[in-house]
Amino acid sequence: MTALSLEQAKLLVERLKLFAQPQRLLILDALLAGPLGVSELEIQTGIGQPTLSQQLGTLRRADIIVPRRESRTIYYSLANEDEVLRARALIGLLRGDQSTLPLLQNIAAGKKAAPKKRGYVEGVARFAFVRPASSNAS
């Protein structure tokens, strides 16, 4: 492993700031079990609606979580397998969970799962969005 540059250290600190907030850790921990609707997140985490919306927005802008709308309900999930691994490893490490060590070793060795498309969730149907033909098409 090479030494961190100042620029890399600054990027890592910004990333750590995203996780250094209790409500965000609660949200990430809940989403490790799979996609959840906003009302389900509110119940599981005990975070009130205004604060929950603010924290979901922060995580969404950082591309850590992605929304998916179904009718009137918005479901959130971790953005990809890399984010799942990061959240699981960080929360496990901070808890002192020894079962996290192999996961951390795999991440350190670069043995990550193949990257998945953004917003992909295993076992969930995805539907195509068909855009109407533009008016200038003949």
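What's counted below: heavy atoms across the whole structure, side chains too, no hydrogens, waters or symmetry copies.
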Report summary line: Those residues at least two apart in sequence (or on a different chain) that pass salt bridge (charged side-chain N to carboxylate O under 4.0 Å, His left out) with Asp97 are none
Query raised in the report: What residues, two or more places apart in sequence or in another chain, satisfy side-chain hydrogen bond (donor to acceptor under 3.5 Å, both in side chains) together with Gln54?
Result: none
Report summary line: To the nearest 0.5 Å, atom CG of Asn80 lies from atom CG of Leu85 at 9.0 Å
Query raised in the report: Taking only residues two or more places apart in sequence or in another chain, which ones pass side-chain hydrogen bond (donor to acceptor under 3.5 Å, both in side chains) with Glu83?
Result: Arg15, Arg86
Query raised in the report: For Lys17, which residues count as a salt bridge (charged side-chain N to carboxylate O under 4.0 Å, His left out) partner, sequence neighbours excluded?
Result: Glu14
Query raised in the report: Can you tell me how far CD of Gln21 sits from CG of Leu16, rounded to the nearest 0.5 angstrom?
Result: 14.0 Å
Query raised in the report: Which atom pair, heavy atoms only, marks the closest approach of Leu32 to Ala87?
Result: CD2-CB, 4.0 Å
**Report entry** Partners meeting side-chain hydrogen bond (donor to acceptor under 3.5 Å, both in side chains) with Arg88 (sequence neighbours left out)
**Finding:** none
Report task. Return each pair, listed once, that meets side chain to side chain donor-acceptor pair (under 3.5 Å) where at least one residue sits in residues 33-47; pairs must be two or more places apart or across chains. Result -> none
Query - Listed partners of Leu56 passing side-chain contact (heavy atoms from CB on, under 4.5 Å), at least two apart - result: Ile27, Val38, Leu41, Leu52, Ile65, Tyr76
Query raised in the report: How is the hydrophobic cluster of Leu4 composed, in terms of its other members, when Ile, Leu, Val, Met, Phe, Trp and Tyr link through side-chain heavy atoms under 4.5 Å apart, directly or indirectly?
Result: Leu12
**Report entry** Inter- and intrachain pairs under salt bridge (charged side-chain N to carboxylate O under 4.0 Å, His left out), touching residues 21-35, at least two apart
**Finding:** Asp29-Arg95
Query raised in the report: Considering residues at least two apart in sequence or located in another chain, which fulfil the side-chain contact (heavy atoms from CB on, under 4.5 Å) criterion with Ser53?
Result: Gln49
